Amino acid sequence: RDRPTMIEQQYAMTGLLIMTTVNMFLGVVMVAEIIPIEYGMCLAGFSMACIVWIVKKQLMGDQRLWESPKQYKKRKGESI
């Protein structure tokens with residue numbers, strides 16, 4: 001099962017939409033000078049990393065985002 005299903009694509013798109021909304025909210029809060037820019041930028045980076053990690057865990061489980069050189073050689077050797 002190499003191709004993502006529509007539900008998985010929708011889940012990933014929802015994660016991106018949530019990330020965009022959080023960043024827009026933090027941008028407004030920083031421009032309104034409710035929180036300092038340094039705190040807002042750190043919070044934005046942390047929230048993006050958390051959202052990416054949560055979505056990756058939900059969609060991929062414990063599968064790595066990259067393969068080792070040994071796995072690559074094995075996969076390329078089988079396809080040739």
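In this text the structure is predicted, and so the values were computed from the model without any measurement. The residues of the chain are indexed from 1 along the displayed sequence.
By the criterion of side-chain heavy atoms lying less than 4.5 angstrom apart, applied directly or through intervening Ile, Leu, Val, Met, Phe, Trp or Tyr residues, Ile18 is grouped together with Leu59 in one hydrophobic cluster. Cluster annotation: Val28 and Phe25 are assigned to distinct hydrophobic clusters (Ile/Leu/Val/Met/Phe/Trp/Tyr, side-chain heavy-atom contacts under 4.5 Å, transitive). Under the 4.5 Å side-chain contact rule for hydrophobic residues, Tyr72 and Met60 do not share a cluster.
We find the OG1-CD distance between Thr14 and Gln9 to be 11.5 Å, quoted to the nearest 0.5 Å. Rounding to the nearest 0.5 Å places CD1 of Ile54 at 11.5 Å from NZ of Lys57.
The two atoms that bring Ile35 and Gly40 nearest to each other are CD1-CA, 3.7 Å, heavy atoms only. Across every non-hydrogen atom of Ala12 and Val55, the tightest pair is CA-CG1, 4.2 Å. Scanning all heavy atoms of the two residues, the minimum distance from Val22 to Ser47 falls at CG1-OG, 3.6 Å.
Annotation: Ile37, atom CD1; neighbour count of heavy atoms from other residues, nucleotides and ligands within 6.0 Å does not exceed 12. Other residues, nucleotides and ligands contribute only 12 or fewer heavy atoms inside 6.0 Å of the OH atom of Tyr39.
Side-chain contact check for Met30 versus Met41: some heavy-atom pair is nearer than 4.5 Å.
Using modelled atom types, one side-chain atom of Gln71 and one backbone atom of Ser68 make a donor-acceptor pair closer than 3.5 Å.
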- Can you list the steps and then say if Val52 with Met19 is a side-chain contact (heavy atoms from CB on, under 4.5 Å)? CA-CA 9 Å; Val52 167; Met19 188 183 306; 3.6 Å; yes
- Full working for side-chain contact (heavy atoms from CB on, under 4.5 Å) between Cys50 and Phe46: CA-CA 6 Å; Cys50 286; Phe46 180 72; 3.6 Å; yes
